[in-house]
Each structure stands twice: as C-alpha cells, then as structure tokens.
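Worksheet for the structure shown next.
Chain naming here is simple, since letters A, B, ... match the order of the sequence lines and numbering starts at 1 in each. Just so you know, these numbers use all the heavy atoms, side chains as well, and skip hydrogens, waters and symmetry mates.
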Amino acid sequence: MRYSYYPGCTLKTKAKVYEDTTLQTAKALGLEMVEVEEWQCCGALYPLNTEEHFSLLAPVRALSQAKELNHEKMVTLCAGCFNVFKRTNKAMREDGELRRKINDYLEEDYLGEVDVVHYLEVLKKDIGFTAVAEKVKKKLEGRKIAPYYGCLLLKPRNEMDFDDVENPTIFEDFLSALGATAVEYPYKTECCGSYLSMANEEVAETAVGRILKSAYKSGAEAIMVACPLCKYNLEEYQKQLQDVAGENGKMSVLYFTELLAEALDV
Amino acid sequence: MKITTEKINSNLVRDVEEVSGQKVSACFQCGKCTGGCPVVWAMDIFPHQVLRYAQMGLIDELLHSKTLWICASCQTCDSRCPREVDIPKVIEALRLIIMREKGGNYLHPNDLPARVRENAPQQGLVSAFRKYAK
Amino acid sequence: MKRIGVFICWCGSNIAATVDIDKTIAAAKQMPGVVFADHNKYTCSELGQDMVKNAIKEHQLDRVVIGACSPRMHENTFRKTVEAAGLNPYYMEIANIREQCSWVHKDKETATGKAISLVRTAVAKAARNEALFSTEMPIERRALVIGGGIAGIQAALDIAETGFEVDLLEKEPSIGGRMAQLDKTFPTLDCSACILTPKMVDVAQHEKIRLITYSEVEKVEGYVGNFTVTIRNKARSVDMEKCTGCGDCMNKCPQKVSSEFEMGLAERRAIYTPFPQAVPNKPAIDRATCRWFTQEKCRVCEKICPTGAIDYDQVDEFITQRYGAIVVATGFDTHKLDKYGEYAYGKHPDVITSLEMERLFNASGPTGGKLLRPSNGKPPKNVAFIQCVGSRDKAKGNPYCAKICCMYTAKHAILLNEKVPGSKSFVFYIDVRTPGKDYEEFYNRAYEQHNATYIKGNVSKVFPDGDQLVVRSVDALSGALVELVVDMVVLATSVDARSDAKDLAQKLSITTNAHKFFNEAHPKLRPVETQTAGIFLAGVCQGPKDIPETVAQASAAAVKVASLLSKESLKSNPTIAEVDQKRCSGDMSCMAVCPYGAISEKIIEERRGRETVTRKIAEVNTALCQGCGACTVACRPGAINLKGFTNEQILAEVDAICL
Amino acid sequence: MSVNLESHEPLIVAFCCNWCSYAGADLAGTSRMSYPTNVRIVRVPCSSRVNPSFIIRAFQRGADGVLIAGCHPGDCHYHSGNYYTRRRFTVLKRMLEYMGIEPERFQVRWISGSEGAKFAGVMNEITQEIKALGPNRKLRDVR
C-alpha cells in the first residue's frame with residue numbers, strides 16, 4: 001500500500017524519533033510512504049475565525065501536491081498537522097466560497113480529492129490491528145501504559161471524526177494489539193495546556209500535573225502520545241510527579257510509533 | 001460594571017459575532033463549557049460568562065480579561081455545548097480585536113525563556129505566535 | 001356568465017397591515033365574472049358570514065371567492081356559509097392571502113400585487129367550480145387503540161364506557177407501559193402501580209374491551225369509518241386458553257435474561273411476564289433467548305406446565321379486523337446515551353438513568369425498594385442529579401425540553417431523602433420548569449424540606465475517583481466552580497419518540513414532526529386529531545407530557561372516537577375521480593396507479609352505428625376513492641378527471657397566475 | 001425584446017400537495033418567515049395530480065419557473081403518489097432540457113408539513129436561481 005506522507009516541521013527536528021520510528025514500522029508492515037514534495041508548515045493551528053482564510057493556503061498547497069502523487073490518502077502524524085489538514089480538507093470539500101477563494105491562488109483547483117488520515121488510522125483500518133498483532137515479534141507483555149489522546153486528534157467532534165470524543169478507544173486497541181496493557185484513568189482526553197507552555201507556563205504545568213499524577217496513580221509506567229507538543233509538555237513538567245512518586249519520580253512519554261517499533265523489533 | 005442599552009446594542013457585539021462566525025445570543029447559560037474547561041481555574045472570567053458578557057455588550061470588560069490568553073483552544077467546551085456555540089472562536093475574535101491594535105501583541109520572541117526557545121517543538125512555538133501575536 | 005362575489009378579509013391587521021384591501025377590491029371588481037366585491041374585518045365571524053350570505057342573496061351570486069386565511073383553516077366554515085345561503089358548498093373558493101401572502105411578505109406594494117394575483121387565480125377556478133355532492137357511507141362502529149400504556153388504557157376504558165367495542169393492542173406480553181415501571185408519581189407521591197393496576201384489571205374485565213397483547217399493527221387500509229387493520233399476533237408459544245397463569249414455568253426456566261422492565265438492573269427468565277401484576281398474567285416465551293429455540297434443548301417449561309399450555313410450534317398469526325376509528329397511544333423511548341460519554345454512563349455502575357432510579361426506588365424492584373448503589377449495595381449519602389441529559393441539546397440530543405424531568409427529579413430528591421435519612425441530593429439544572437397544578441410547591445418542598453441543593457450549571461464531566469464519582473460543573477449564579485464527590489449520579493434522560501414511530505406513521509398515513517412525534521391536526525384547536533380523519537392521538541407519542549396530561553388527552557381522544565362512532569353514517573368526500581365513459585379507451589393505466597384499488601373494469605354496451613358492441617372501461621368506486629388524482633395523469637386519453645381539481649380548473653388557475 | 005436582467009422579477013408557479021407542501025407553506029406563514037413574492041401556489045391534493053401538461057402550459061404562458069412540491073418519499077398522504085410524481089417528472093425534465101429549458105427552471109422538491117423553514121428556504125433559493133437565469137423565452141407563446 002502506498003500513501004502520500006506529510007511529515008511537518010516538528011517531525012524533521014525535535015520529533016525526529018517520531019518520524020524515524022514511523023518510517024521504519026511502515027516499511028516493516030509493507031507500507032510505502034511517499035513524502036509530499038516542497039511542503040511548507042501547515043500553520044500548526046486551524047484558524048478559529050471567519051477572516052483568516054489565507055492561512056489555509058499552505059495546507060491546501062500541500063494537499064494539492066499530495067493529489068499529484070496520485071495516492072488516495074495522505075498520512076500525517078503530528079496531531080497538530082492532522083487537525084489542520086483534516087479540517088482544511090473538510091472545509092475545501094464543503095465550503096464553496098472558501099474553495100473559490102483559495103483556488104484563485106492555485107494553479108490547479110483543489111476540491112478535497114485527497115483523504116487525510118492519521119498513521120494510527122492506517123494501522124487500524126487499512127492493515128487492521130489483528131494483522132498488526134500478528135506481525136508483533138516482541139510482545140509488550142506486562143507493560144502498563146497510559147494512553148494520552150490530547151485534544152487535536154479528537155476535536156472538534158463533528159470535524160475530526162477520529163474516534164468517540166469522550167471515550168475514545170483506538171489507543172487502547174492499539175496497545176492491546178502490541179500485547180501491552182492500557183491503563184484506565186480519567187485524564188486521557190484532558191488538555192495538557194498546549195501552547196500555554198510557551199507563554200503561560202504555570203497554567204500548562206498544572207494541567208500537565210493532573211494528567212501525570214492521575215496516570216501514575218492508576219499504575220502506568222509510561223504515557224503514550226501522538227503529538228509532539230503533548231510530549232514536550234508532559235516531559236517538561238515531570239517535577240509535578242514528586243507529590244505522588246517521590247523526589248525522583250519520572251514517567252516516560254513515548255510516541256505510539258516508538259512502542260510499535262519496539263514490538264515489531266525494527 | 002453596568003449593563004446599559006447602549007452597551008447591549010453596541011457594534012462591538014456585532015463585530016465579535018462577525019469575526020467569530022458565532023451567534024452569542026444562542027447561549028442559554030448552562031455552564032457546561034465552564035464545568036469542563038481544563039484551565040478554567042486560571043481564568044478571571046469563565047467561559048459561560050464570556051458569552052454572557054458578550055450578550056450584555058460588556059466587550060470592554062472582556063478585552064481586559066486574562067481569560068483571552070488562558071484559553072488553550074482545546075475545544076472541550078464546544079464539543080459539549082448543547083447550543084452549538086464554538087466558544088474558542090468567540091475568544092479568538094476578542095483576541096484579534098486586541099491584537100489588531102498597534103502594540104496589541106501579547107507575546108514577543110524575547111519573552112520566551114531560553115529553555116523554552118531551545119527545547120520546545122516548532123509546533124508549540126508556531127502555535128503560540130499565531131495565537132498571541134499578529 | 002357566472003355571477004361571482006369576492007370577499008376580502010382583513011383578519012384584523014393580519015392581512016390588512018400588509019395587503020392594501022381597497023386596491024385588492026378594486027382589482028377584483030375588474031376580474032371576469034366578478035359582479036360584487038367587498039371586505040370585512042373578520043369574515044369568519046358571525047357578522048362576516050352574514051355579510052357573505054346577504055350578498056349572495058342580494059346580488060344573486062352563484063360563485064364565491066373569499067380572500068382570507070388558508071383553506072386548511074376555514075374551508076369548511078365558508079362552505080357551510082355559502083350552503084346556508086342556498087349555494088352548493090363547492091361553489092366557494094379561498095384565496096390564501098394570509099399564510100401565503102401577508103404573513104410571509106413585508107413590502108405592502110408587492111404583497112398587494114400578489115394578493116390580487118391570488119384572488120384572480122381563485123376567481124378563475126371558482127368560475128369553473130361545479131356542484132359536488134357527498135354520498136353517505138356506513139360506519140364500522142368499533143375502535144382500535146394502539147398501545148396499552150396509561151394513554152391507551154384510559155382511551156379504551158372511556159370508549160368502552162360509551163358502549164362501543166374496543167380492541168386494545170399491545171406489543172409486549174402485558175399492558176401497563178411506562179407507568180407500570182414508575183415508583184411514585186408527582187406531585188402527590190401516590191404509588192404508580194396502586195393507581196394503574198386497578199385500571200389494568202378494569203380493561204381485562206370490561207365486556208366491551210378485547211385485549212390483544214404481544215401484537216403489532218401490520219397493515220392499515222381504508223379510511224375514516226371503514227379502516228381495515230391487519231394485526232400480527234406474535235407467537236407467544238403459550239396457549240392463552242389453557243394457561244392459568246400459575247407461574248411454575250417462570251420459576252423453573254433455567255435461562256436468565258436481563259429484564260427490560262427492570263431496565264437491566266435485574267433478570268427475568270426466557271419464559272416470562274414483564275412484571276408480577278401483568279395483565280394478562282400469562283407468560284410468553286422470548287424466542288431470541290429460550291434454550292429450546294436457540295439450542296434445541298431444554299423444554300423444561302413444557303414438562304412443568306400442569307395444563308399443557310406450552311406450544312413451541314405456534315406461529316405468528318394475522319388477524320384482520322375492521323374499525324371505524326383508531327387511537328394511537330404508542331408512548332416513548334428513553335434517549336440513548338451513546339453520545340454522552342462525558343457522564344460515564346455504562347462505564348460506572350453508579351451512574352444510572354432516571355428510569356433505572358424508579359426501579360431502584362420501587363418496592364417490587366431489584367432491591368426490594370431499598371435505595372442501594374449498584375456498585376456495592378450500600379445506600380448512597382450524596383447523589384447528583386443531572387437534568388436535561390439529551391434534552392435542550394441541539395448538538396448531540398433533542399433540541400426540545402422533555403417536560404417531565406424537572407418534576408420527576410424533584411420527586412427523586414424527595415424520595416431519596418425519605419429512603420436514606422441524612423442523604424443529600426444535588427440537582428444540576430439549566431432552568432427549573434414547573435408549570436402545573438401544585439408543581440412549583442412540590443419543587444419547593446424538595447429544597448426546603450428534603451436536603452436538595454439546586455445548582456444552576458450543566459455538568460460537564462463525571463469521572464470515577466476511588467469508589468466514588470467526581471462531578472464537575474459550575475454554579476453559574478455565584479460564578480464558582482463546582483467539584484462534588486458523590487456516591488451516585490442520576491441522569492434525567494430525555495424522552496424520544498418511539499424508534500419505529502415513522503413506520504407506524506406510514507402505515508396509518510399520518511405525519512410526524514422532525515423528532516418523529518405524531519402530528520396533531522392543529523396545535524391548539526385540534527390537539528387529539530390527526531390530519532387523517534378517524535385517527536386520533538393520546539399520550540407521549542404526540543409529544544412529551546406527564547401522566548395527568550396524558551390521561552386528559554386519552555379521554556379527549558375517546559370522546560372524539562365516540563362522537564364519530566355514534567353517527568349512523570358519514571358523508572363522503574366528493575372531490576374524487578370521475579370517468580368520462582365516452583373518452584375512456586379501457587387501457588386501464590389508471591387502475592395500475594390507484595393506491596386504493598378504487599378503480600375496476602366495467603363492461604358497457606354501446607351502440608356503434610346499428611350494432612350494439614360491448615367494450616371495457618374504467619369505473620371508480622366512490623367509497624374507496626380518496627381523491628389523490630394520480631389516475632388523472634396516468635390516463636392517456638384524458639378521460640378521467642378529479643372533481644374539485646379538474647384539468648380545466650387547474651389550467652385556468654395557471655393561466656390566471658401567468659396573466 | 002430587451003429585458004433588464006437586474007430588475008427582472010421572475011414568476012414561479014408552484015404546485016403544492018395539500019397535505020405536506022401546502023401545509024409547509026402555511027407553516028412558513030404561521031412562523032412569519034419571509035420569502036420573495038415571486039412564487040404563486042396552486043393547491044393540488046397530491047403531487048401526483050400534476051399533469052405534465054400543466055407545466056408546459058405554465059411555461060407557454062410565460063412562467064419563468066415551475067416547482068412541484070410534495071410529501072417526502074414514503075410520507076405521501078396517499079401512500080404512493082409522490083413516487084409517480086418522481087418518475088413522471090424525471091422524464092419531463094429531460095424533455096424540457098431537450099427543448100432548451102434550463103433544468104433549474106423546473107424543479108421537484110419534497111417539503112413536509114412541518115418544514116416551514118425549508119419551504120421558505122426553497123422559495124428563496126429557487127427565486128434566486130431563476131432570477132439568475134433571466135426570463136424564460138423558450139416556450140413562451142408569441143403574443
């Protein structure tokens with residue numbers, strides 16, 4: 001199976017391990033990822049107002065590039081990119097006015113022909129978690145992992161259509177395919193503070209603290225994420241764990257692809 | 001703080017509705033947004049109050065609120081709102097009103113601690129500057 | 001040339017504010033055939049009608065056009081008016097200048113122009129109106145009530161008391177419906193079963209009522225006074241004649257199944273009555289779970305039955321019965337909570353719905369009437385009640401208010417405090433709505449005397465914390481955040497139309513609103529009738545309502561049924577299809593499209609020159625034809641026409657519009 | 001014939017079935033919704049009563065658009081009438097297109113008695129569409 005692939009800025013630098021493990025595991029699973037040419041930053045955030053249409057030009061250009069690669073689907077990984085692309089694509093499909101405005105700036109019209117998918121969706125729907133489980137060489141048995149979804153994969157509810165907003169299960173199903181145990185805790189979809197860690201650190205720190213402590217108390221030894229910013233925040237404020245885990249309390253934060261790479265032994 | 005006909009009828013309410021694409025009058029003040037907001041404890045005006053202030057034309061008061069810079073746009077509130085009001089969009093509209101004024105930026109690159117500047121992922125930096133500066 | 005009179009109604013300011021009445025009258029006077037035109041403040045009033053009658057006599061009018069509200073409102077009124085003045089009622093036409101003109105347009109000039117055009121169109125049609133005459137049709141003097149809850153029970157009893165025979169149809173093995181599941185009723189706190197079960201017994205014993213349980217409507221044909229209904233009598237696997245209702249089979253049946261009646265909080269057997277006071281108190285075998293039907297082993301009930309009443313070979317039977325009138329009383333479903341993951345329903349046993357709470361309160365319920373937490377069997381000290389779950393939520397649930405939740409939650413708070421001394425309830429609300437006799441006072445009691453704290457805030461999230469539950473919200477009035485640790489959470493689940501309401505509506509040719517509640521004929525003035533004559537509504541199937549309202553509506557429907565059945569015969573609708581023998585070629589295309597089988601072949605003798613030949617033509621059965629007109633378009637030679645909506649009339653209307 | 005496109009107010013004939021669409025039109029009124037005055041309603045018992053010849057006649061006499069509105073498929077007061085409507089007018093539409101009538105000029109819509117807002121919406125939409133097309137000249141009688 002061949003896919004267009006949009007890595008995004010963070011995966012080329014701070015989250016290199018996310019990209020590396022993705023490409024290694026994809027290869028092991030027989031998937032071919034063809035990187036979109038000349039892609040630019042997607043803008044990181046979907047504009048939440050009626051006036052900033054033109055910040056969608058960058059993601060639409062990337063989608064348009066992906067369309068030229070002639071693959072049905074474009075895979076993304078970073079939850080921020082996924083959120084921007086999924087929503088941009090939906091808007092291009094459904095909002096005629098926006099479509100007209102944006103296409104005025106493109107050489108060839110883009111009408112939402114490409115499907116935007118997350119790598120996890122590829123694993124779940126195209127390969128199937130059962131088939132993934134069959135390829136696992138080193139079962140992650142006994143590993144108690146807290147799935148942490150964050151916000152961007154799931155919300156807004158009627159635009160992302162990724163999983164149940166309140167009780168998602170795709171991370172859990174993925175973990176059980178790898179043989180690991182998913183820990184149940186109430187903060188798995190609670191926001192980590194997102195960009196507040198850039199300018200309102202104390203707010204992000206408190207938000208992160210609640211997630212870390214709750215996961216720790218539920219017996220998790222690591223947290224699984226799909227978003228570089230979630231990972232940064234959860235790692236940055238580990239001292240919040242001291243209350244419950246003692247002075248040297250630590251909780252590792254791993255991309256789901258890192259766990260997959262480990263289980264597939266690549 | 002006083003509610004007057006002038007305030008309720010002010011153009012500012014219409015500006016907010018236009019920029020956000022949201023009808024603030026749709027809110028019936030159930031508070032579900034506030035109850036679920038993960039960072040509400042750091043806000044001075046709660047999300048449901050943002051809508052109430054907007055309905056009552058208390059836009060000036062909103063423009064001076066900490067809340068605008070605390071909201072992380074996580075969209076937990078709008079995913080539960082029974083009236084289909086996208087509150088992060090309303091808050092973004094208010095932020096834009098401020099930032100479009102000269103000197104309205106909330107964040108300058110120099111404000112970032114060196115630790116953050118070095119370690120933070122691009123995703124976080126780009127997000128922050130898109131939210132906090134024009 | 002016809003002598004047409006035009007009467008323009010002001011409808012107070014409803015029409016006159018937007019339509020220039022004088023201009024319209026002046027224009028009408030110029031229309032072909034119009035010999036008189038005048039106006040009136042309220043034409044439907046006695047004064048207004050008298051004016052029409054007098055004008056008909058004074059000016060020898062033979063056709064009348066009234067520019068007023070929709071014909072769906074007052075067509076019958078004005079038909080009677082012209083009839084009283086000696087004209088055929090079908091000589092009257094209405095120009096709808098209110099609903100379809102003055103109310104939808106703002107600009108007076110263009111609205112007046114349109115009103116004139118509408119009047120011209122009606123004049124053109126009226127000039128071609130012919131006298132139509134109704135025929136008399138006999139009535140089948142027996143009623144069908146669909147649904148055996150409190151609405152259906154009350155309607156059946158009231159109809160039976162007027163002396164007409166009633167069949168009461170129920171899809172479950174027993175009548176009783178939702179009310180049988182309730183513990184106490186607001187605002188009097190009388191025990192639901194204590195007031196319901198005597199009525200159930202009355203139904204069973206009434207000589208005019210036939211109870212048809214475990215059955216559903218399969219097909220409905222016919223029309224008011226003459227419905228033919230096919231009923232599917234589901235295979236009960238128990239011979240109702242032989243069974244004595246001893247209950248031995250239910251005790252010995254080894255297959256346990258989650259009980260629908262107990263909302264899944266207890267088990268029943270595969271052979272079961274839904275609850276102990278069932279009427280009829282004879283069980284049915286649930287074939288989906290019975291071991292004999294699923295695994296071909298067991299047959300314990302057959303062995304145990306002292307009268308040999310078990311019959312595994314029963315099959316669904318179809319009963320066809322004629323009725324003059326039908327009452328629909330099919331009740332409601334509770335809202336499904338799959339979109340409300342934030343409340344942890346289904347994830348934590350102590351988060352329950354309000355109907356489950358009723359069963360936990362009930363003395364014959366799964367806990368024997370002790371209020372105990374499903375998780376650990378201990379009484380709860382602090383209970384949170386979340387209002388409007390699935391109600392007033394256009395994003396994920398129903399946009400409407402379910403009407404009963406504020407009151408039953410106040411009841412739950414009072415009962416909780418009575419059952420568990422010292423316990424506290426926390427009611428999270430958006431608005432508290434208590435219109436109703438003694439309702440506000442009842443709600444006052446909950447917080448004045450029964451430890452209920454009302455918090456204006458919609459709960460955003462419920463999550464487990466140890467063996468308790470954390471409830472997060474805001475108190476919108478004080479502006480304080482709320483985080484309560486409680487033992488139980490009760491969700492005031494919204495009221496939905498039955499999931500199969502649409503199917504039944506299609507079978508009955510009645511309509512539903514956007515939320516699948518059956519539509520009444522008029523929201524204020526015809527609240528129990530439907531648009532289909534002879535079919536009436538009772539209870540929540542028409543829209544959310546409480547028990548007193550349901551009973552009142554059921555009795556109202558019963559009076560409507562009785563007044564219909566008390567007539568010897570009905571006047572038929574004369575706007576039906578008519579065949580022009582001379583033009584009919586006998587190819588019977590019309591017959592193929594008739595939904596009522598009202599068209600049949602007829603052989604006629606004709607003189608052709610000197611010979612007498614026979615040939616086939618179509619004939620319309622005037623009792624069966626409902627006047628849809630599908631046949632008129634199917635007819636190639638144009639030999640079949642629809643009285644009251646003839647080709648000539650409609651073409652005249654089109655021409656007048658395009659003038 | 002010169003026609004000023006901007007000021008042209010099209011005339012639209014709407015055949016509405018008594019049970020659903022006519023009731024929907026009444027509800028739009030009861031709810032005080034607003035739509036342009038261009039539409040004139042002819043009340044018929046069922047959309048299946050509408051003979052294709054009525055539509056041709058309307059175009060001949062100068063109507064710029066014709067709408068047939070009936071109950072939603074499956075909701076017909078007469079069980080099946082609107083299915084006939086659907087079939088008949090798919091054929092007619094193709095014939096009209098063959099004759100050079102723009103497809104927007106002749107439309108079939110399903111509007112229930114509880115859809116007042118939809119009725120008003122359809123009226124707005126159709127009026128706009130037909131206005132954009134300008135006057136119907138194709139079938140108009142030479143007069």
Side-chain angles (χ1 to χ4, degrees), chain A residues 8-15 18 41-52 55 78-81 83-84 150-152 154-160 165-166 187 189-204 206-207 210-211 227-233 235-236, chain B residues 16-22 36-43 66 69-81 84 86-97 100 106-109 111-113 115-134:
Chain A
C9 319
T10 316
L11 264 74
K12 291 294 180 188
T13 50
K14 297 275 164 47
Y18 198 2
C41 171
C42 68
L45 288 174
Y46 189 80
L48 295 180
N49 61 70
T50 55
E51 299 179 347
E52 272 187 88
S55 57
C78 163
C81 302
N83 187 279
V84 170
C151 314
L152 295 170
L154 299 166
K155 290 168 237 183
R157 186 165 48 91
N158 42 18
E159 289 177 57
M160 296 310 289
V165 174
E166 301 291 350
Y187 285 88
T189 60
E190 198 89 348
C191 178
C192 68
S194 183
Y195 52 78
L196 296 181
S197 54
M198 310 291 119
N200 279 300
E201 282 208 72
E202 67 294 348
V203 184
T206 311
R210 283 195 306 220
I211 299 161
C227 172
L229 184 52
C230 293
K231 182 169 151 88
Y232 167 81
N233 287 350
E235 284 177 339
E236 193 68 12
Chain B
V16 171
E17 291 198 327
E18 209 172 294
V19 176
S20 66
Q22 301 300 301
C37 176
V39 291
V40 67
W41 49 271
M43 292 179 172
K66 259 165 66 182
W69 313 105
I70 299 295
C71 168
S73 314
C74 75
Q75 306 211 270
T76 301
C77 49
D78 67 73
S79 75
R80 291 179 187 157
C81 174
E84 291 178 336
D86 196 325
I87 303 170
K89 286 187 177 165
V90 174
I91 292 179
E92 174 127 324
L94 293 161
R95 259 196 302 244
L96 286 175
I97 290 175
R100 282 172 184 174
Y106 177 76
L107 183 67
H108 298 273
D111 298 345
L112 292 179
R115 173 181 54 85
V116 172
R117 224 176 309 162
E118 268 160 44
N119 299 338
Q122 283 80 345
Q123 182 198 357
L125 293 165
V126 175
S127 299
F129 282 102
R130 288 208 46 209
K131 282 287 166 186
Y132 293 147
K134 260 287 139 209

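A:Thr10 places a side-chain N or O within 3.5 Å of a backbone atom of B:Gln123 that can act as its donor or acceptor partner. Of the possible donor and acceptor atoms, none in the side chain of B:Ser127 sits under 3.5 Å from a partner among the backbone N and O of A:Ser194. For A:Arg157 (side chain) and B:Gln75 (main-chain N/O), no donor-acceptor pair under 3.5 Å exists by modelled atom type.
For B:Leu96, the part lying near chain A is the side chain, with the backbone staying farther off; criterion is any non-hydrogen pair under 4.5 Å. Contacts of B:Ala128 with chain A are made by both backbone and side-chain atoms, with heavy-atom separations under 4.5 Å. With a threshold of 4.5 angstrom between heavy atoms, B:Asp78 approaches chain A through side-chain atoms but not through N, CA, C or O. Contact of A:Asn49 with chain B is made through backbone and side chain together, with heavy-atom distances under 4.5 Å. Contacts between A:Glu202 and chain B at a heavy-atom distance below 4.5 Å involve the backbone alone (N, CA, C, O). Neither the backbone nor the side chain of B:Gln22 comes within less than 4.5 Å of any heavy atom in chain A. Only the backbone of A:Ser197 comes within contact range of chain B, with heavy atoms under 4.5 Å apart. For B:Ile70, the parts sitting under 4.5 Å from any heavy atom of chain A are the backbone and the side chain alike. Heavy-atom distances place the backbone of B:Glu118, and not its side chain, under 4.5 Å from chain A. A:Leu154 does not touch chain B: none of its heavy atoms, backbone or side chain, sits under 4.5 Å away. Of the atoms belonging to A:Val203, heavy atoms from both backbone and side chain fall under 4.5 Å from chain B.
When all heavy atoms of B:Trp69 and A:Asn200 are compared, the pair lying nearest together is O-ND2, 3.1 Å. In this structure, B:Cys71 and A:Leu196 approach most closely via the heavy-atom pair O-CD2, 4.3 Å. When all heavy atoms are compared, the tightest approach of B:Val126 to A:Cys41 is CG1-SG, 4.4 Å. Scanning both residues, B:Arg130 and A:Pro47, for their nearest heavy atoms gives NH2-CB, 4.2 Å. When all heavy atoms of B:Pro38 and A:Cys191 are compared, the pair lying nearest together is CG-CB, 3.6 Å.
Using a 4.0 Å cut-off between charged nitrogen and carboxylate oxygen, B:Lys134 and A:Glu51 do not count as a salt-bridge pair.
Of the listed residues A:Cys42, A:Ala204, A:Ser55, A:Gly43, the one with more heavy-atom pairs under 4.5 angstrom with chain B than any other is A:Gly43. Note on A:Pro156, A:Gly8, A:Ala15, A:Cys9: by heavy-atom pairs under 4.5 Å with chain B, the leading option is A:Pro156. Contacts with chain A were tallied for B:Asp111, B:Asn119, B:Val39; B:Asn119 has the most, counting heavy-atom pairs under 4.5 Å. Highest contact tally toward chain A, considering only B:Ala42, B:Gly36, B:Ser73, is held by B:Ser73 [criterion: heavy-atom pairs under 4.5 Å]. For the set B:Arg115, B:Arg117, B:Glu18, the entry with the most heavy-atom pairs within less than 4.5 Å of chain A is B:Arg115.
Here the SG atom belonging to B:Cys37 is positioned 9.0 Å from the CD atom belonging to A:Glu190, to the nearest 0.5 angstrom. With values rounded to the nearest 0.5 angstrom, B:Thr76 atom OG1 is found 3.0 Å from A:Lys155 atom NZ.
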Residue pair B:Gln122, A:Thr13: steps toward the side-chain hydrogen bond (donor to acceptor under 3.5 Å, both in side chains) verdict: CA-CA 8 Å; B:Gln122 283 80 345; A:Thr13 50; 2.7 Å; yes
Stepwise side-chain contact (heavy atoms from CB on, under 4.5 Å) test for B:Val116 and A:Met198: CA-CA 7 Å; B:Val116 172; A:Met198 310 291 119; 3.9 Å; yes
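Counting only heavy atoms from C-beta outward, the side chains of A:Leu48 and B:Arg95 never approach each other to under 4.5 Å.
When ring centroids are compared, B:Phe129 and A:Tyr195 stay outside the 6.0 Å threshold.
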